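Taking it in order: structure first as structure tokens, then the write-up.
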Amino acid sequence: MYRFDVITIFPEMLNSVLNASILQRAQKSKKIGVRFHNPRDKSTDKHKTVDDTPYGGGPGMVMKIMPLARTIKAIRKRKKHRIILLSAKGARFNQKKAQELSQKYNHLIFVCGRYEGVDERIKYYIDEEISIGDFVLTGGELGSAVIIDAVSRLVPGVLGHTESNQDESHSTPGYLEYPHYTRPEVFDGHTVPKILLSGNHPEIAEWRKKQSKKT
Ligand code: 4FN
């Protein structure tokens with residue numbers, strides 16, 4: 001089983017992703033396992049605080065290091081684990097990274113930021129920072145959902161034969177997906193390219209290759 005641990009104060013943000021379709025089946029068949037950890041549970045003050053005002057002043061709140069570091073330390077880690085902070089500053093996530101994570105490790109631990117950010121000293125407790133893109137998010141939760149989705153489908157046994165893993169243009173540099181069509185042959189006057197109905201499979205393969213080339 002490939003394991004994912006997500007450190008978050010909003011686990012509900014991941015539930016829709018994990019409790020549907022392929023990822024739900026993968027959990028039921030024990031191909032993957034996902035656990036949530038709320039840093040609030042490791043906070044020791046009366047109000048279970050996880051955030052505080054920034055040193056130096058300025059707007060907003062910062063996630064406190066203590067509850068996060070204690071949560072990371074309390075997770076029983078496998079030998080081949082990787083602790084990842086989701087962050088705007090991180091290296092951009094892509095298919096190559098998904099493949100690397102699926103092959104080198106069998107346990108990913110995600111730290112999801114909230115508020116204005118996380119105390120910089122989190123750097124002593126993580127292995128790397130990853131970003132899913134250049135936009136402002138309310139937290140790292142959707143980033144961890146994206147990575148869990150992309151990595152899980154690369155875990156052996158997660159995809160059924162109809163959801164096949166081969167011929168994936170997005171893992172081939174310079175190629176995007178080719179256009180897909182299914183029945184009916186004509187819809188609202190819009191037709192299917194004749195080549196796809198020809199039964200000429202070498203020609204179809206050639207057409208798809210041409211269509212999927214990035215410009
Ligand atoms: N975002 C930018 C610059 C500065 C801040 C942000 C931002 C969530 C805790 C981080 C953002 C982007 C991609 C997690 C954005 C990601 C996050 C991510 C993220 C709350 C602090 C914050 C990129 C627009 C210049 C908020 C841009 N991938 N700060 O969004 O966690 O994973």
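Here, residue 1 is the first one in the sequence, and each next residue gets the next number. Bear in mind the structure is a predicted one, so any value in this text is a computation, not a measurement. Remember, it's 1-based here, ligands and their atoms both numbered in the order they're listed.
Nearest protein heavy-atom neighbour of atom 5 (C) of ligand 1: A88 CB, 4.0 Å. The nearest protein atom to atom 20 (C) of ligand 1, hydrogens excluded, is given as Y115 O, 3.4 Å; this is a heavy-atom distance. At the top of the distance list for atom 13 (C) of ligand 1, counting protein heavy atoms only, stands G133 O, 3.1 Å. Closest protein heavy atom to atom 28 (N) of ligand 1: I132 N, 2.9 Å. Protein heavy atom in closest approach to atom 29 (N) of ligand 1: L137 O, 4.3 Å.
Remark: distances from the non-hydrogen atoms of L142 to ligand 1 are all 4.0 Å or more. Ligand 1 is never approached by M63 to a heavy-atom distance shorter than 4.0 Å. In this structure, F93 does not count as a contact residue of ligand 1, since none of its heavy atoms falls inside 4.0 Å of the ligand.
The hydrophobic clustering, which links ILVMFWY residues whose side-chain heavy atoms are closer than 4.5 Å, places F4 and L14 together. Put simply, L159 and I148 are part of the same group of oily side chains (I, L, V, M, F, W, Y) that touch within less than 4.5 Å, one to the next.
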Result block: side-chain N/O donor-acceptor pairs under 3.5 angstrom for residues 181-200, not counting sequence neighbours:
from	atom 1	to	atom 2	distance (Å)
S198	OG	I195	O	2.6
S198	OG	N200	N	3.1
N200	OD1	E203	N	3.2

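At a cut-off of 3.5 Å, with distance as the only test, a side-chain donor of S43 or D45 sits close to an acceptor on the other residue.
Contact record, M61 with Y115: O-CB, 3.2 Å, taken as the closest heavy-atom pair.
Evaluation of the salt bridge (charged side-chain N to carboxylate O under 4.0 Å, His left out) rule for R25 yields E163 as partners, not counting sequence neighbours.
By the 3.5 Å distance cut-off applied to N or O atoms, V136 is not counted among the residues near ligand 1.
Neither the backbone nor the side chain of V118 has a heavy atom within less than 4.0 Å of ligand 1. No part of C112 comes within 4.0 Å of ligand 1, judged by heavy-atom distances.
At a distance under 4.0 Å, no protein heavy atom can be found next to atom 10 (C) of ligand 1.
Of the charged side-chain nitrogens involved, none lies within less than 4.0 Å of a carboxylate oxygen, so that K209 and E206 do not count as a salt-bridged pair. No salt bridge links K77 with D5; every basic N to acidic carboxylate O contact stays at or beyond 4.0 Å.
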* Show your working on side-chain contact (heavy atoms from CB on, under 4.5 Å) between H37 and D41 and close with a plain yes or no. => CA-CA 8 Å; H37 308 267; D41 300 338; over 6 Å; no
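Contact atoms of ligand 1 toward E116: 21 (C) (distance under 4.0 Å to a heavy atom of the residue). Near F135, the atoms of ligand 1 lying under 4.0 angstrom from a non-hydrogen atom of the residue are 11 (C), 12 (C), 15 (C), 23 (C), 24 (C), 30 (O). Close approach to S131 involves these atoms of ligand 1, each under 4.0 Å from a residue heavy atom: 13 (C), 18 (C), 28 (N).
With atom 21 (C) of ligand 1 as the reference point, the heavy atom nearest to it among A145, G139, G117, G113 is part of G117.
When the shell of 6.0 Å around CZ of F135 is examined, it contains more than 12 heavy atoms from other residues, nucleotides or ligands.
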